[in-house]
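Okay, so here's the structure we're looking at.
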There are 2 protein chains.
Amino acid sequence: MKKFTMADIAEMSGVGKSTISRYFNGGYVKEATRERIQAVIRECGYMPNSFARLNARESNIIGVVVPTLNSKITGRVITSIDRYLREQGYETLIKSSDHQIALELDNIRRLISLNVGGILLSSISITDQHRELIANSPIPVVVMAQEFDAGISVVDDDYQAGFEMGKYVGKSHPEHVVWLGITDTDRAVGIVRRQGVLDGLKSCGVSDIRLFSGDYSYESGQKMAKEALESGPVTAMICATDRLAFGAYHTLAQFGKRIPDDVSVAGFGGYDESELLSPELTTLKFDSYALGQLSAETILRLIRNEPVPVKQVIGFQLIPGKSVK
Amino acid sequence: MKKFTMADIAEMSGVGKSTISRYFNGGYVKEATRERIQAVIRECGYMPNSFARLNARESNIIGVVVPTLNSKITGRVITSIDRYLREQGYETLIKSSDHQIALELDNIRRLISLNVGGILLSSISITDQHRELIANSPIPVVVMAQEFDAGISVVDDDYQAGFEMGKYVGKSHPEHVVWLGITDTDRAVGIVRRQGVLDGLKSCGVSDIRLFSGDYSYESGQKMAKEALESGPVTAMICATDRLAFGAYHTLAQFGKRIPDDVSVAGFGGYDESELLSPELTTLKFDSYALGQLSAETILRLIRNEPVPVKQVIGFQLIPGKSVK
DNA sequence: CTGAAAGCGCTTACAG
DNA sequence: CTGAAAGCGCTTACAG
């Protein structure tokens with residue numbers, strides 16, 4: 001495959017390269033010329049190099065920063081972003097922060113200096129540095145899955161979801177409930193979702209609630225479950241994610257506890273696998289595809305200076321399994 | 001955040017921009033000058049724009065083409081690639097083909113015309129067009145997870161893995177075995193893995209083996225399992241992936257079949273969830289992190305003109321669950 | 001060891 | 001409707 005440049009195509013079509021550029025960017029090109037160019041392009045399979053648009057007034061690249069490439073939910077979100085942007089003629093540039101906040105900040109800086117058209121940010125944790133960076137960013141930013149009072153966000157309804165789940169579990173009147181959660185630095189999951197759960201439980205009169213926190217790994221779920229069981233009696237475990245619930249299942253089996261007879265378990269995520277556990281995991285599914293697509297739509301609207309809501313809230317669905325009494 | 005360019009940094013450091021460029025690309029810079037530049041860079045958090053290296057002799061961007069962003073295994077592979085490349089000072093540019101072969105070809109063309117340093121390709125299916133594209137590519141390509149006789153590949157040992165699994169299941173002397181597979185266009189899984197399984201089974205004297213094929217989805221697993229059960233007696237199901245096995249579990253439950261008493265089930269993938277199924281799924285785990293890292297190492301070696309094996313085979317581990325009699 | 005100049009593949013006023 | 005020219009942020013011979 002020979003590498004064609006715009007100059008090559010221009011020469012082959014017998015026009016100037018400005019015309020080829022206009023052809024691709026929707027400028028004036030006479031119909032006859034347009035057809036001639038099209039023929040040449042088809043012939044050589046030419047596509048312009050998006051990254052060479054160094055002085056274009058706007059880039060057609062959207063940067064996406066995610067906390068990890070290794071999560072089911074992230075997979076759903078970026079799949080849906082990528083699909084939508086591709087349809088709209090944009091390129092997706094994905095950067096993983098690999099769970100490191102310093103890398104996340106670097107990624108944002110990098111995207112800004114790359115002069116991408118817009119940034120979709122799924123943050124590990126929003127710090128003051130994020131606020132400063134975003135406030136001074138010459139490029140629009142949409143924050144995903146995390147409340148962001150100083151800008152535009154598209155979020156899951158973590159509080160309400162937590163509340164529903166708390167109420168659902170609370171209705172069985174468990175005496176001793178534990179929350180297997182995430183550190184506070186992740187506001188959406190660590191704080192908001194947890195608060196929803198607590199309030200939901202309290203609305204049913206549950207008062208003995210013990211809190212644990214760790215990271216997002218399967219192992220962390222196992223570990224927290226163990227700590228919880230060793231810290232006193234437990235009749236229900238509400239886990240911040242399905243993955244943590246998987247870990248809890250593992251530990252409960254080791255401790256010889258039956259689900260839900262001895263201990264009820266619930267998670268958040270709605271992974272396909274959850275319905276295969278025995279008993280089926282009671283979980284709650286956010287519409288991650290919608291979150292991805294709406295975020296992508298929103299960033300494009302910002303780029304086009306169209307009005308956008310400062311906050312959009314995505315729906316969820318509680319999936320009753322058989323793991324709660 | 002102001003956007004600094006190399007010219008800004010040059011001015012602020014009181015040197016020419018060639019010197020800044022050399023600073024970043026390991027050229028000669030006097031120690032004193034180097035320190036002065038470093039101070040300025042630290043001050044402004046400047047990073048050069050990798051995509052503006054239009055006429056660099058080599059790019060520090062590695063393109064990665066994956067069939068989907070929505071798979072556990074892909075997640076593991078790209079996580080490990082991204083980590084390794086970052087450590088080595090390279091950028092990862094991920095492009096998803098979203099299960100469309102035409103898009104995959106486009107992605108490869110695109111990366112070539114972007115003039116990335118190298119391409120890591122996880123292909124849906126290697127066609128003649130791929131061969132032509134790769135043969136004429138001015139840029140090195142490493143094919144991942146798929147045999148590639150016309151170039152460099154890093155692959156799972158699909159045949160041997162299939163064989164081991166076939167033997168493992170075969171040892172229980174199941175009378176009627178079905179293979180829930182993937183279309184032939186995916187050679188690695190659709191053909192090689194299947195052949196390994198068949199040979200493994202035959203080595204144990206199993207002869208009644210019926211073959212089914214579909215796509216990689218959970219639903220496809222359900223559907224194939226249903227077809228299999230309706231097509232005649234079944235005492236063992238070997239599934240091309242864990243996800244398909246999850247679908248089979250679902251269908252078997254619907255049909256009132258017990259695992260493994262009525263039907264043995266096995267998969268490939270080694271997902272964490274597999275050990276939580278009841279009974280635990282017998283599966284086989286490829287070392288996807290190793291595959292990612294070795295592929296990344298290999299592409300860098302190719303770029304540096306260091307010798308590389310034409311084919312590297314990654315190990316696997318059979319994880320006996322309780323789903324095989 | 002360093003800088004001025006030309007060039008990478010593209011876009012954008014501007015003149016025609 | 002179109003092209004020559006200047007410019008985007010960078011790299012690379014080349015001369016000093």
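Quick note on labels: first sequence line is chain A, next is B, and so on, each numbered from 1.
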Legend entry - B/Thr33 side chain near C/dT2 phosphate (N/O to OP1/OP2, under 4.0 Å): yes

Legend entry - Between P of C/dG9 and CG of B/Asn115, the distance in whole Å: 8 Å

Inset, instruction - May I ask you to say what A/Phe24 touches in the nucleic acid, namely base, sugar-phosphate or nothing, with a heavy-atom cut-off under 4.0 Å? - result: nothing

Legend entry - Side-chain N,O (B/Thr19) to OP1/OP2 (C/dG3) below 4.0 Å: yes

Legend entry - Distance (rounded to the nearest 0.5 Å) between B/Ser18 OG and B/Met6 CE: 9.5 Å

Legend entry - Atom-pair distance (CD on A/Glu35; P on D/dC1), nearest Å: 13 Å

Inset, instruction - Could you say whether B/Tyr28 or B/Asn55 is positioned toward the 5' end of DNA chain C, judged by the nucleotide with the nearest heavy atom to each? - result: B/Tyr28

Inset, instruction - Can you spot which of A/Asp186, A/Asn70, A/Thr183, A/Thr68 makes a side-chain hydrogen bond (donor to acceptor under 3.5 Å, both in side chains) with A/Tyr216? - result: A/Asp186

Legend entry - Rounded distance in Å - CE (A/Met6) to P (D/dG7): 20 Å

Inset, instruction - For B/Ile20 and D/dT12, give me the distance from atom CD1 to atom C1', rounded to whole Å. - result: 16 Å

Inset, instruction - Take atom CG of B/Leu54 and atom P of D/dC10, then tell me their distance rounded to the nearest Å. - result: 11 Å

Inset, instruction - List the steps and the verdict of ring-ring contact (aromatic ring centres under 6.0 Å, His included) for A/Tyr46 and A/Phe24. - result: CA-CA 11 Å; A/Tyr46 170 76; A/Phe24 280 107; 5.7 Å; yes

Inset, instruction - Could you please name the option among C/dT2, D/dA4, D/dC10 that lies closest to any side-chain atom of A/Ser18? - result: D/dA4

Inset, instruction - Identify the nucleotide, in any strand shown, that forms a Watson-Crick or G-U wobble pair with C/dA15, with both distances under 3.5 Å; if there is none, say none. - result: D/dT2

Inset, instruction - Write down the distance between CD (B/Glu11) and P (C/dG3), rounded to a whole number of angstrom. - result: 13 Å

Legend entry - Length of the CG-P vector between B/Asn49 and C/dC8, whole Å: 18 Å

Inset, instruction - On DNA chain C, check which nucleotide each of B/Arg53 and B/Val15 is closest to and give me the residue with the more 5' one. - result: B/Val15

Inset, instruction - Spell out, as yes or no, whether a donor-acceptor pair under 3.5 Å connects the side chain of A/Asn60 to the backbone of A/Ser50. - result: no

Inset, instruction - Report yes if at least one side-chain N or O of B/Asn25 is closer than 4.0 Å to OP1 or OP2 of D/dT11; otherwise report no. - result: yes

Legend entry - Distance test, side-chain N/O of B/Ser21 to OP1/OP2 of D/dT11, below 4.0 Å: yes

Inset, instruction - Using a strict cut-off of less than 4.0 Å between a Lys/Arg side-chain nitrogen and an Asp/Glu carboxylate oxygen, indicate whether B/Asp106 and A/Arg86 qualify as a salt bridge. - result: no

Legend entry - Interatomic distance, A/Phe51 CZ vs D/dC8 C1' [rounded to whole Å]: 16 Å

Legend entry - Touch class at under 4.0 angstrom, heavy-atom based, for B/Arg22 against every strand present: base

Inset, instruction - Go through C/dA6, D/dT12, D/dG3 for me and flag the one nearest to the B/Lys17 side chain. - result: C/dA6

Legend entry - Charged N-O contact under 4.0 Å between A/Lys95 and B/Asp82: no

Legend entry - Earlier contact from the 5' end, DNA chain D, for A/Glu31 and B/Ala7: A/Glu31

Legend entry - OP1 or OP2 of D/dT11 under 4.0 Å from side-chain N/O of B/Tyr23: no

